[in-house]
There are 2 protein chains.
Amino acid sequence: MASETRPPGKVGPARRRGLADEVADTVRAAIFDGTYPPGTQLRETELSAELEVSRGPVREALMRLEGEGLLRSGWHRGAVVVELSADDVAEIDSLRGALEHLAVQLAVEHASDEDLDTVARAADRMARAGDAHELAALDVAFHDAVYAATGHRRLQEAWNTIRSQVHLFLVSRIGVSVDGYLTTVPGEHRELAEALRARDTESALRLFADHREHALDVLTGRAD
Amino acid sequence: MASETRPPGKVGPARRRGLADEVADTVRAAIFDGTYPPGTQLRETELSAELEVSRGPVREALMRLEGEGLLRSGWHRGAVVVELSADDVAEIDSLRGALEHLAVQLAVEHASDEDLDTVARAADRMARAGDAHELAALDVAFHDAVYAATGHRRLQEAWNTIRSQVHLFLVSRIGVSVDGYLTTVPGEHRELAEALRARDTESALRLFADHREHALDVLTGRAD
DNA sequence: CGATGTCCGAATGTTAACATTAGGACATTC
DNA sequence: GAATGTCCTAATGTTAACATTCGGACATCG
C-alpha cells in the first residue's frame with residue numbers, strides 16, 4: 001500500500017487505476033486521520049459532490065472499503081464508519097493470529113533471502129518514525145512485508161480484509177498509551193525480522209505470538 | 001447459504017435484496033453447474049442483456065464474485081472464471097487449514113449445544129445426498145455450520161472468501177473419483193460433528209486435519 | 001519476411017437522470 | 001395521551017447514454 005520503490009532490475013506492470021481506487025484511497029486516509037471518526041455516515045451523494053466525481057466510482061469505493069471492514073452498510077441504509085468494540089478487537093486479534101501463524105511458517109520455510117531483507121528493512125524504517133501515526137503505518141507495512149514474503153496470494157488477500165481494521169485500531173489508540181508503543185515496538189519488530197532470517201519456525205512463531213499479545217496489552221492499557 | 005428454516009421462537013430481520021444479489025446468485029450457480037466453465041469470459045454487456053438487467057447490478061455482482069475468488073479481472077479487461085491450478089488448490093487448502101484450526105478451537109470451547117446440533121444435522125443430511133453435486137453442496141454447508149457455530153463474524157467472512165473456491169474445486173473433481181468421495185465423506189463428517197460435541201479440542205483438531213488431508217488425496221487422485 | 005505503426009471495434013469506466021425505499025414528522029384515532 | 005396510519009423527504013438502487021481504453025487487424029516500412 002505504501003508506494004514502494006521497486007528493486008532495481010525488476011519492473012512490474014504499469015497499471016492504470018480508475019477513479020474508484022482514487023476515491024477508496026482518499027476515504028480510507030480520511031478515516032485514518034480522523035476526518036471521518038467511527039460512527040460517521042458516509043453518503044454517496046455527499047462524497048460524490050465533495051470529490052467532484054459521480055456516484056458510480058464512489059459506490060464502488062465504498063464497497064471496497066466495506067470489504068476491508070472499515071465500513072458497515074445495509075440495504076438502502078448507506079455506509080457507516082465502523083466502531084470497534086472490545087469483541088471486535090478480540091475477533092481481529094484471533095483471526096490475525098491464525099493468519100500470521102501460517103504466514104510465519106511459510107516465510108521461514110519458503111521465503112527468499114531477498115524477501116526477508118525487505119522485511120528487515122521495513123523493521124528498520126520503524127526506528128526512524130517521527131510520530132505515532134507514522135509508526136502505525138510502518139507497523140502495518142512491516143506485516144505487509146511478512147505476508148508478501150510468503151508468496152501466498154490468498155493469504156495476502158485474507159490479511160487485506162483485516163489490515164485496515166488493525167490500522168484503524170492502532171490509530172484509535174494513539175493518545176492512550178503512546179509511550180509504550182513508541183519505545184518498545186520498533187525494537188520488537190527488528191527481533192521478529194531476525195527470527196525469520198534465523199529460519200527457526202518454532203521460535204519465530206513464539207516471538208510473533210508474544211509480540212501480538214504484548215502489543216495488545218500495551219494498546220488496551222493492560223500493561224505499559 | 002442454503003435457505004435455512006428458522007428455529008421456532010426466533011425471527012430474524014426480513015431483509016430486502018437487490019438485483020445485484022440476484023445476479024450474483026444466478027451467475028455463481030451457473031459457474032457451479034458448468035454453464036460457465038473455468039476460463040469463460042463474462043462480459044457485463046452480455047450478462048446485462050441475458051438477465052434483462054442494466055450493467056450496474058451486473059457490475060456489482062461481478063465484483064462480489066471476484067471477492068469470492070470465482071472470477072479474476074483487470075483494468076478494462078473484464079472478468080474471467082478462475083481456473084484452479086495445483087498451486088491454487090494448495091493455497092486454498094493451507095488457508096482453509098489455518099481458518100478451520102481456529103474455527104474448531106472456538107466451536108469446541110464456546111459453541112452452544114444447539115449450534116453443534118445444527119452441525120450434526122448438516123452431517124446427517126449428507127448421508128441422504130442423491131448425487132455428487134448435491135453432496136458437494138452439503139459438504140460446504142457442513143463447514144458453513146461449523147463456522148457459524150464459532151460466533152466469530154470475521155472468521156465466517158474469511159471462510160466466505162474461499163468457500164466458493166472450495167465448492168468449485170469439489171464440483172470440478174466430480175467424475176474423477178466420485179466413488180471414494182460419495183462413500184467415505186458422509187461418514188467422516190459425522191465423526192467430525194461428534195468430535196466437536198465431545199468437546200475435546202486436540203482430538204477434534206486432529207480429526208479435522210486428517211479429514212482435509214484425506215479429502216484432498218481422494219479428490220486429487222493420490223488415493224481412493 | 002519480420003517489426004513497427006495506425007486504425008477500429010468492442011468492451012469497460014464514468015456520468016447524470018429516474019425509480020424505489022427507509023425512516024421520521026405530522027396528523028388522526030381510540 | 002399513547003398507538004396507529006399517512007405522507008414526505010432524503011438517501012440508495014437502477015437505468016441508459018456517453019467517454020475512455022485495450023488489443024487485434026491491417027497496412028507500412030526496414
Side-chain angles (χ1 to χ4, degrees), chain A residues 11-31 35-83, chain B residues 11-31 35-83:
Chain A
V11 278
R15 345 197 115 76
R16 191 148 301 249
R17 292 154 37 93
L19 283 182
D21 296 87
E22 225 79 51
V23 173
D25 289 348
T26 303
V27 174
R28 193 189 299 108
I31 292 174
T35 305
Y36 299 136
T40 306
Q41 270 268 359
L42 296 183
R43 281 171 262 273
E44 293 179 4
T45 314
E46 280 183 25
L47 288 173
S48 174
E50 182 81 23
L51 303 174
E52 297 178 21
V53 165
S54 79
R55 278 180 49 217
V58 171
R59 204 179 161 76
E60 195 171 322
L62 293 182
M63 282 187 58
R64 202 163 314 177
L65 295 178
E66 190 181 349
E68 295 177 14
L70 286 179
L71 306 176
R72 294 281 159 191
S73 71
W75 169 267
H76 259 291
R77 218 168 310 135
V80 178
V81 180
V82 290
E83 309 182 71
Chain B
V11 278
R15 342 198 114 76
R16 191 150 301 250
R17 291 155 36 94
L19 284 181
D21 296 87
E22 226 79 52
V23 172
D25 289 347
T26 304
V27 174
R28 193 188 299 107
I31 292 175
T35 305
Y36 299 135
T40 306
Q41 270 267 1
L42 296 184
R43 281 171 263 272
E44 293 179 4
T45 313
E46 281 184 24
L47 288 173
S48 174
E50 181 81 23
L51 304 174
E52 297 178 21
V53 165
S54 80
R55 277 179 51 217
V58 170
R59 205 180 159 75
E60 196 172 322
L62 293 182
M63 283 186 57
R64 203 165 313 179
L65 295 178
E66 190 182 349
E68 295 178 14
L70 285 179
L71 306 176
R72 295 279 159 193
S73 72
W75 169 267
H76 260 291
R77 217 168 310 135
V80 179
V81 180
V82 290
E83 309 182 72

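From a predicted model like this one, the values you see are computed outputs, not experimental measurements. A note on names: the letters A, B, ... follow the listed sequences, proteins ahead of strands, and every chain is numbered from 1.
- Taking 4.0 angstrom as the limit, B:Arg77 places a side-chain polar atom (N or O) nearer than this to OP1 or OP2 of D:dG23.
- What separates CD of A:Glu50 from C1' of D:dA11 is a distance of 17 Å, to the nearest Å.
- Side chain of A:His76, nearest nucleotide from C:dT14, D:dT15, C:dT21: C:dT21.
- A donor-acceptor contact under 3.5 Å is not formed by the side chain of A:Arg17 with the base of C:dG13.
- The heavy-atom pair separating B:Gly78 from B:Ser73 by the smallest distance is O-CB, 2.9 Å.
- In this model, the phosphate group of D:dT12 is approached by a side-chain N or O of A:Thr45 to a distance below 4.0 Å at OP1 or OP2.
- In terms of position on DNA chain C, the residue among A:Arg55 and A:Leu19 whose nearest nucleotide sits closer to the 5' end is A:Leu19.
- For B:Glu44, the side-chain atoms get nearest to C:dG13 when compared with the rest of C:dT14, C:dG13, D:dT12.
- A:Leu71 has its side chain within reach of A:Leu42: a pair of non-hydrogen atoms, C-beta onward, lies under 4.5 Å apart.
- If you measure from atom CG of B:Asp21 to atom C1' of D:dT12, you get 14 Å, rounded to the nearest angstrom.
- Among the heavy atoms of the strands lying under 4.0 Å from A:Gly78 are primed sugar atoms or P, OP1, OP2 only; no base atom is included.
- Under 4.0 Å is where a charged nitrogen must lie from a carboxylate oxygen, and between B:Arg64 and B:Glu68 no such pair does.
- Atom CD in B:Gln41 sits about 9 Å away from atom C1' in C:dA11, given to the nearest Å.
- Within 4.0 Å (heavy atoms only), B:Leu42 reaches sugar-phosphate atoms of the nucleic acid but no base atom.
- Nucleotide C:dT12 holds its P atom 14 Å from the CE atom of B:Met63, rounded to whole Å.
- Side-chain proximity of B:Arg59 to C:dT12, C:dT15, D:dT15: nearest is C:dT12.
- Side-chain contact between B:Pro37 and B:Thr40 is present, with heavy atoms from C-beta onward closer than 4.5 Å.
- The side chain of B:Trp75 lies closest to D:dT21 when the candidates are D:dT21, D:dT15, C:dT12.
- Distance B:Glu52 CD to D:dT15 C1': 14 Å, rounded to the nearest Å.
- Per the geometry, CD belonging to B:Glu22 stands 15 Å off P belonging to D:dG13, to the nearest Å.
- Counting to the nearest Å, the P atom of D:dA10 and the CD atom of A:Glu46 are 12 Å from each other.
- For A:Arg43, whose side chain is taken as the heavy atoms from C-beta onward, the closest listed nucleotide among D:dA17, D:dA11, D:dT15 is D:dA11.
- Here A:Gly56 lies in heavy-atom contact (under 4.0 Å) with a base.
- Among the candidates A:Glu50, A:Glu44, A:Glu46, the single residue satisfying the salt bridge (Lys or Arg N to Asp or Glu O under 4.0 Å) test with A:Arg55 is A:Glu44.
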